Chemist: 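Right, I'll just put the structure down here and ask away after.
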Amino acid sequence: MPEGPEIRRVADKLEDAIVGQPLTEAWFAFPQLKTYEPALIGEQVQAIETRGKALLTHFSNGLTLYSHNQLYGVWRIVKPDTELNSTRQLRVRLATAGKAILLYSASDIELLNADTLAAHPFLNRIGPDVLNSALTVEEVKERLLSPRFRRRQFSGLLLDQAFLAGLGNYLRAEILWLAQLLPNHRAAGSQ
């Protein structure tokens with residue numbers, strides 16, 4: 001499963017492809033999303049945000065496309081008139097005059113307004129995104145030393161998306177190695 005940095009790199013490429021340009025096509029595979037298709041034509045993607053391993057595509061009309069690739073989801077960028085020959089199932093197609101972005105095989109896809117975005121169960125469960133430029137060392141330290149997390153072994157804590165969203169196994173190993181900490185180290189034991 002891709003981790004936060006891989007999701008951010010995808011988001012950056014998707015942003016470069018379509019942000020700020022009017023949508024000429026919006027297509028969703030899931031019947032419950034079909035009613036949103038006409039509402040997106042002519043709208044613009046304003047930003048593509050990552051929160052851990054979730055991707056949030058923010059539209060100019062206030063809607064947000066929530067997608068989580070899980071194990072199999074993958075985004076592709078193509079020319080607007082391109083149809084890819086793939087064994088994967090197309091789930092989302094958003095096109096502008098210059099580019100189209102396609103989401104294949106993901107199963108966790110929703111369209112949200114401001115209220116449903118603020119109340120989204122997954123997004124409310126996860127901690128701050130490790131790649132959010134507003135996240136400070138002080139905030140991470142405060143979370144680490146909080147009663148909720150300070151007695152946890154780092155080996156499990158660094159995989160807990162409620163602590164910090166976007167970390168996974170390879171990043172956990174790198175962090176522990178660079179910090180010269182054993183996996184069973186706990187913040188409570190270091191004071």
Side-chain angles (χ1 to χ4, degrees), residues 1-16 19 30 45-59 63-76 88 91-92 101 103-191:
M1 175 180 280
E3 297 182 19
E6 290 79 22
I7 300 299
R8 184 65 253 169
R9 278 195 290 277
V10 167
D12 290 343
K13 290 176 184 176
L14 296 173
E15 279 187 330
D16 288 345
V19 162
F30 299 128
V45 172
Q46 293 183 313
I48 300 178
E49 175 187 3
T50 58
R51 291 205 201 157
K53 299 172 188 178
L55 201 122
L56 302 172
T57 304
H58 299 287
F59 298 101
L63 293 175
T64 297
L65 176 67
Y66 166 90
S67 62
H68 195 299
N69 287 2
Q70 305 294 338
L71 289 174
Y72 303 107
V74 62
W75 284 94
R76 298 285 184 244
R88 293 177 174 269
R91 304 293 193 193
V92 175
I101 60 173
L103 176 56
Y104 286 92
S105 303
S107 57
D108 197 1
I109 302 167
E110 300 174 61
L111 253 139
L112 308 169
N113 61 31
D115 293 336
T116 54
L117 179 62
H120 193 276
F122 175 77
L123 297 174
N124 281 317
R125 246 189 349 261
I126 62 175
D129 188 297
V130 294
L131 295 177
N132 183 332
S133 60
L135 182 64
T136 66
V137 171
E138 291 76 25
E139 288 174 286
V140 173
K141 184 177 179 181
E142 184 179 313
R143 289 183 73 73
L144 185 60
L145 296 174
S146 72
R148 181 177 179 189
F149 298 118
R150 68 179 180 197
R151 298 199 192 297
R152 303 261 317 270
Q153 291 185 358
F154 283 4
S155 60
L157 179 63
L158 293 175
L159 292 179
D160 185 347
Q161 299 300 294
F163 173 59
L164 290 173
L167 295 177
N169 198 40
Y170 87 82
L171 291 173
R172 169 186 66 167
E174 292 292 326
I175 290 167
L176 291 173
W177 185 80
L178 285 170
Q180 298 181 342
L181 295 172
L182 295 172
N184 62 351
H185 187 83
R186 301 166 200 258
S190 65
Q191 294 180 346

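Reckoned from all heavy atoms, side chains included, excluding hydrogens, waters and symmetry mates. Here the structure is a predicted model, which means the values were calculated and not measured.
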Chemist: So, does Arg172 use its side chain to make a donor-acceptor pair with the main chain of Leu159 at under 3.5 Å?
Modeler: no
Chemist: Testing the basics here: between Glu139 and Ala134, what is the closest heavy-atom pair and its distance to 0.1 Å?
Modeler: OE1-O, 3.3 Å
Chemist: Does any part of the side chain of Leu14, heavy atoms only, come nearer than 4.5 Å to the side chain of Leu55, both counted from C-beta?
Modeler: yes
Chemist: Tell me whether Gln153 at atom CD has more than 12 heavy atoms from other residues, nucleotides or ligands lying less than 6.0 Å away.
Modeler: yes
Chemist: If I compare all heavy atoms of Leu145 with all of Ala187, which pair ends up nearest, and what's the gap?
Modeler: CD2-CB, 4.0 Å
Chemist: Just how far is it from atom NZ of Lys53 to atom CZ of Phe122, taken to the nearest 0.5 Å?
Modeler: 8.0 Å
Chemist: Can you find a heavy atom in the side chain of Arg91 that is under 4.5 Å from one in the side chain of Tyr104?
Modeler: no
Chemist: Any heavy-atom pair between the side chains of Leu103 and Asn69 that's under 4.5 Å?
Modeler: yes
Chemist: Would you compute the distance between atom CZ of Arg51 and atom CG of Leu131 and round it to the nearest 0.5 angstrom?
Modeler: 14.0 Å
Chemist: Looking only at non-hydrogen atoms, find the nearest pair between Pro5 and Gly166 and report the distance.
Modeler: CD-O, 4.0 Å
Chemist: Any side-chain heavy-atom pair from Arg150 and Arg186 closer than 4.5 angstrom?
Modeler: no
Chemist: Give the ring-plane orientation class for Tyr66 versus His120, where under 30° counts as parallel, over 60° as perpendicular and anything between as tilted.
Modeler: tilted
Chemist: When rounded to the nearest 0.5 angstrom, what is the spacing between CG in Leu65 and CG in Leu117?
Modeler: 11.0 Å
Chemist: Supply the atom-to-atom distance Ile175 CD1 to Leu181 CG, rounded to the nearest 0.5 angstrom.
Modeler: 10.5 Å
Chemist: Quick one, Leu56 with Thr50, criterion side-chain contact (heavy atoms from CB on, under 4.5 Å). Give me CA distance, side-chain angles, the key distance, then yes/no.
Modeler: CA-CA 6 Å; Leu56 302 172; Thr50 58; over 6 Å; no
Chemist: Between Gly127 and Ala165, what is the shortest heavy-atom contact and its length?
Modeler: O-CB, 3.5 Å
Chemist: Does some side-chain heavy atom of Leu164 sit less than 4.5 Å from a side-chain heavy atom of Ile126?
Modeler: no
Chemist: Could you give me the CA-CA distance, side-chain angles and deciding distance for Phe59 and Thr64, then say whether side-chain contact (heavy atoms from CB on, under 4.5 Å) is met?
Modeler: CA-CA 6 Å; Phe59 298 101; Thr64 297; 5.8 Å; no
Chemist: Can you tell me if Phe30 has over 12 outside heavy atoms packed within less than 6.0 Å of its CZ?
Modeler: yes
Chemist: Can you check side-chain contact (heavy atoms from CB on, under 4.5 Å) on Val74 and Arg88, steps first, answer last?
Modeler: CA-CA 9 Å; Val74 62; Arg88 293 177 174 269; 3.5 Å; yes
Chemist: So do the side chains of Leu176 and Leu158 get within less than 4.5 Å of each other, counting heavy atoms only?
Modeler: yes
Chemist: Is the side chain of Gln161 donor-acceptor paired with the backbone N or O of Leu167 at a distance under 3.5 Å, no angle test?
Modeler: yes
Chemist: How many angstroms lie between atom CD of Gln46 and atom CD of Glu15, to the nearest 0.5 angstrom?
Modeler: 11.5 Å
Chemist: What's the shortest heavy-atom distance between Ala54 and Leu123, and which atoms?
Modeler: CB-CD2, 4.3 Å
Chemist: Below 4.0 angstrom, N of the basic side chain to O of the carboxylate: do Glu138 and Lys141 qualify?
Modeler: no
Chemist: Please report the interatomic distance CZ(Phe154) to CG(Asp160), rounded to the nearest 0.5 Å.
Modeler: 13.0 Å
Chemist: Any side-chain heavy atom of Phe163 within less than 4.5 Å of one from Leu144?
Modeler: yes
Chemist: Heavy atoms only: give me the nearest Ile48-Ala11 pair and the separation to one decimal.
Modeler: CG2-CB, 3.8 Å
Chemist: Ion pair present between Arg8 and Glu49, side-chain N to carboxylate O less than 4.0 angstrom?
Modeler: no
Chemist: Side-chain contact, heavy-atom cut-off 4.5 Å: Ser67 with Asp108?
Modeler: no
